[in-house]
Novice: 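Quick one: the structure is below, and I'll ask about it shortly.
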Amino acid sequence: MDLSRFTKVSDYEWRVEPFGKMRVPAVIYASEALLREMDEKVFEQVTNVATLPGIVKASYAMPDAHWGYGFPIGGVAAFDPEAGGVVSAGGVGFDISCGVRTLTTGLTVADVEPMKKALADILFARIPAGVGSTGSVHLSMEEMDAMLEGGARWAVSRGFGTEADLERIEERGMMAGARPEEVSQQAKKRQRDEVGTLGSGNHYLEVQRVAEIYHPHIAAAFGLKVGDVVVSIHCGSRGLGHQIGTEFLRSMALAAKEYGIELPDRELACAPIRSDIGQRYLGAMRAAINCALANRQVITHLAREAFATLFPQARLDLIYDVSHNTCKVEEHEVDGRSRKLYVHRKGATRAFGPGRPDLPEAFRHVGQPVLIGGSMGTASYVLAGREESEHHAWGSACHGAGRSMSRIQATKRWRGRDIIEALAVRGIEIRAPSLRGVAEEAPGAYKDVSAVVDAADRAGLAHKVAKLTPLVCIKG
DNA sequence: ATGTCC
């Protein structure tokens, strides 16, 4: 990335003043080193987003930003319906409501270490993973609609998990405003047997150790201490979300033309929030959010069953579940006035600071857990939202390491078998349905997640709270 | 991310 086009606001904030058809500036939060390494495409995409109608304040990119479909992955943008604001399917991403949940187990590394291989085997046997993987949950079309309305709440009502889990999920487990009738039959058909499955790509279930604590006070509120074993689940809305994204990108391209919205890139296809197509997308997208919440809830149930076979004393309690591919209506203060904005976070995690009434009481005083999934074999992090974050990018932070190499490049460079063996030597048990998938996800194909998280912390997007390192990884 | 091209 050529740094000469930026104004340096601070060591971790870089600004592009509006040029051409940009309505607002673009802002990238990153260290100088991360910005230099960043894909040139991020500059193009983050400034393209700044041209869209009704965008408020700025178009933002997080430290892990990289090239995405239309919007960068790691992009944040808010739109005001009163100012002709738009909603964009590409601004949410194909894997609608992809996200991470982390659970404490009540176990320590000493408990789990001797049982690691057996635990890996049983988790891999019970949790379906891989492209097109199907699970033990099969939905009739009526049940499908109930799932799309109810999210994790539906899952709990069907025996997957407990009421207590719901408190610890964004939107309390159920996204309001879902419109299952706006989800195509094709999307529902694809999802029929996919609830409770991990999927592929960067999705995983990991058993992790709490390796370091940076902020003891907040870590205690989250229930984390060094040597504890936790479980993290990273996945989304599977075939259903992907199908919705595909269909609405097509119809939004037509809608943009119809509403005379000039697009610098056709991948930015969008529709006014106050339009039929905009409202239909929001209803379908919220249904997909519920699908992802239900999916992570069912997988949690499967993980609890797997743990119970080896560790009857284990108790998997949810810390939090937060998505990083969404468009959500939120109240934010702009120039002293509270406005209702449609905040797109694509590969960006909501990071609300202390005091927000929608946060669970247990940690409302310290801020929201921001769960950052690393790449395979590398660390993950728990961050906490802070008040300052809400003055930056509408209370958002990074979501992971971000790729630094394409999947094709990675498969040319590494072999899945070698990666699994190398990680086993380091004490990390990988189980995966596809060796090619493992090569694509090689740790070397990703940026350094620690550098990304440090930049997020220094930029004021979130506090670094804890570092998690993998013991077992069930790879999608 | 994805029934990795209906």
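So you know, we letter chains A, B, ... as the sequences are listed, proteins then strands, and number each from 1.
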Novice: What is the distance from CD1 of I96(A) to P of dT2(B), rounded to the nearest Å?
Specialist: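 The answer, rounded to whole Å, is 12 Å.
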Novice: Please report the distance, rounded to the nearest Å, between CG in N295(A) and C1' in dT2(B).
Specialist: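 Those two atoms, CG and C1', are 14 Å apart.
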Novice: Need one value for R403(A): base, sugar-phosphate or nothing, where a base atom within 4.0 Å counts as base even if backbone is also close, heavy atoms only.
Specialist: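 Nothing: the residue R403(A), judged by heavy atoms under 4.0 Å, touches no strand.
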Novice: Calculate the interatomic distance between E247(A) atom CD and dT2(B) atom P; express it in whole Å.
Specialist: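 Taking atom P of dT2(B) as the reference, CD of E247(A) is at 16 Å.
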Novice: Between W394(A) and K57(A), is there a cation-pi geometry (under 6.0 Å to ring centre, at most 45° from the normal)?
Specialist: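 So K57(A) does make the cation-pi contact.
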Novice: What is the distance from CZ of F94(A) to P of dT4(B), rounded to the nearest Å?
Specialist: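 The distance from CZ of F94(A) to P of dT4(B) comes to 14 Å, rounded to the nearest Å.
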Novice: Pick base, sugar-phosphate or nothing for G93(A), based on heavy-atom distances below 4.0 Å to the nucleic acid.
Specialist: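 No contact.
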Novice: Check this for me: does any side-chain nitrogen of one of R403(A) and E441(A) sit under 4.0 Å from a carboxylate oxygen of the other?
Specialist: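 Salt bridge flag = yes for E441(A) with R403(A).
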Novice: Between F352(A) and R356(A), is there a cation-pi geometry (under 6.0 Å to ring centre, at most 45° from the normal)?
Specialist: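 Yes, R356(A) and F352(A) form such a contact.
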Novice: Can you tell me the distance, in whole Å, between the CD atom of Q243(A) and the P atom of dC5(B)?
Specialist: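 Whole-Å distance recorded here is 14 Å.
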Novice: Return the value, rounded to whole Å, for the distance between atom NZ of K189(A) and atom P of dC6(B).
Specialist: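 In whole Å, dC6(B) P lies 13 Å from K189(A) NZ.
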Novice: With side chain to side chain donor-acceptor pair (under 3.5 Å) as the test, pick out the partner of H301(A) among E305(A), Q297(A), R304(A).
Specialist: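 Result: among E305(A), Q297(A), R304(A), E305(A) is the only option passing the side chain to side chain donor-acceptor pair (under 3.5 Å) with H301(A).
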Novice: Measure CD/E440(A) against P/dT2(B) and give the value in whole Å, please.
Specialist: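 Spelled out: CD on E440(A) to P on dT2(B) is 12 Å.
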Novice: Are H234(A) and H399(A) an aromatic pair, judged by ring center distance below 6.0 Å?
Specialist: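 Ring-ring flag for H399(A)/H234(A): false, centres at least 6.0 Å apart.
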Novice: In this structure, how many angstroms lie between the C1' atom of dC5(B) and the CZ atom of R250(A), rounded?
Specialist: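 Distance check: R250(A) CZ to dC5(B) C1' gives 13 Å.
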Novice: Go nucleotide by nucleotide along DNA chain B from the 5' end; which of R407(A) and R436(A) gets its closest nucleotide reached first?
Specialist: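 Nearer the 5' end of the strand: R407(A).
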Novice: Does dT2(B) have OP1 or OP2 sitting under 4.0 Å from an N or O in the side chain of R238(A)?
Specialist: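 Checking R238(A) against dT2(B): at least one side-chain N or O falls below 4.0 Å of OP1 or OP2.
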Novice: Assign Q191(A) to base, sugar-phosphate, or nothing according to its heavy-atom contacts below 4.0 angstrom with the strands shown.
Specialist: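 The answer is nothing, as Q191(A) stays clear of every strand by at least 4.0 Å.
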Novice: Hey, does T246(A) reach any base, or is it just sugar-phosphate, or nothing, if we go heavy atoms under 4.0 Å?
Specialist: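 The residue T246(A) makes no contact with any strand.
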